[in-house]
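The structure appears right after this line, and notes come after that.
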Amino acid sequence: QVQLVESGGGLAQAGGSLRLSCVASGRTFSRDAMGWFRQAPGKERDFVAAINWSGSSTDYADSVKGRFTISRDNAKNTLYLQMNNPKPEDTAVYYCARRRGGSYYQRASEYDYWGQGTQVTVSS
């Protein structure tokens, strides 16, 4: 059983910065790929970023590339999302998710465990 708990959400100013964290329970974190997704009101859950088991490979949605950075600390069982220069259109509930195995995908259906989400609101 894996539990994922996100934190770090809140209100941010456009052009500022925010860092989300996701702490994972379980003994397989260091062997699993991880991802961040987001869902705005009335919209589908969208891919934001993903990282492989070691942190050596990452992937980003075009809308956040160059502004957001995904990283992980396997010693702390923690996943991060550094959000620089956020925009009002980044406002959403952000979820971390686990994909068993070392490789990541952009499809939400590939991930089997999800956190409860953390709200990010970016004001202009």
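Residue indices begin at 1 and follow the sequence shown. Only heavy atoms go into these numbers, but all of them, side chains included; no hydrogens, no water, no symmetry mates.
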(message) With a 4.5 Å cut-off on side-chain heavy atoms, are Val23 and Gln3 touching?
(response)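 Sidechains of Val23 and Gln3: no contact.
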(message) Would you say the ring centers of Phe37 and Phe47 fall short of 6.0 Å from each other?
(response)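 Yes: the rings meet the under 6.0 Å criterion.
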Taking the side chain from [X] and the backbone from [Y], do they hold a donor-acceptor pair closer than 3.5 Å?
{"X": "Thr118", "Y": "Gly9", "value": "yes"}
{"X": "Ser56", "Y": "Ser54", "value": "no"}
{"X": "Arg99", "Y": "Tyr104", "value": "no"}
{"X": "Arg72", "Y": "Asn52", "value": "yes"}
{"X": "Glu6", "Y": "Gln116", "value": "yes"}

(request) Specify the closest pair of heavy atoms between Ala33 and Gly102, including all atoms of both residues, with the distance to one decimal. (result)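 Heavy atoms of Ala33 and Gly102 come nearest at CB-O, 3.7 Å.
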(request) Heavy atoms only: give me the nearest Ala12-Pro86 pair and the separation to one decimal. (result)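 Closest pair (atom of Ala12, atom of Pro86, distance): CB-CG, 4.4 Å.
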(request) State the CZ-CZ distance between Arg100 and Arg31, to the nearest 0.5 angstrom. (result)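 If I round to the nearest 0.5 Å, the distance is 8.5 Å.
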(request) Check which hydrophobic residues are tied to Val120 through side-chain heavy-atom contacts below 4.5 Å, counting indirect links as well, and list them. (result)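 Its cluster partners, ordered by chain and number, are Val2, Leu4, Leu18, Leu20, Phe29, Met34, Trp36, Val48, Ile51, Tyr60, Val64, Phe68, Ile70, Leu79, Leu81, Met83, Tyr94, Tyr113, Val122.
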(message) Heavy-atom count check: over 12 atoms from other residues, nucleotides or ligands less than 6.0 Å from Lys65 NZ?
(response)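 Yes, the 6.0 Å shell around NZ holds more than 12 heavy atoms from other groups.
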(request) Using ring pair (Phe, Tyr, Trp, His ring centres under 6.0 Å) as the criterion, list what pairs up with Trp53, not counting sequence neighbours. (result)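 By the ring pair (Phe, Tyr, Trp, His ring centres under 6.0 Å) rule, Trp53 matches no residue at all.
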(request) Classify the side-chain pair Gln106/Asp59 by whether it contains a donor and acceptor separated by less than 3.5 Å. (result)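 On atom types as modelled, these side chains qualify, holding a pair under 3.5 Å.
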(message) Ignoring hydrogens and geometry beyond distance, is a side-chain donor-acceptor pair present between Thr28 and Arg98 at under 3.5 Å?
(response)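 Judged by distance alone, the side chains do pair up.
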(message) Tell me which pairs pass disulfide (SG to SG under 2.5 Å) where either residue lies in residues 68-104, with sequence neighbours left out.
(response)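 Sorted result for residues 68-104: Cys22-Cys96.
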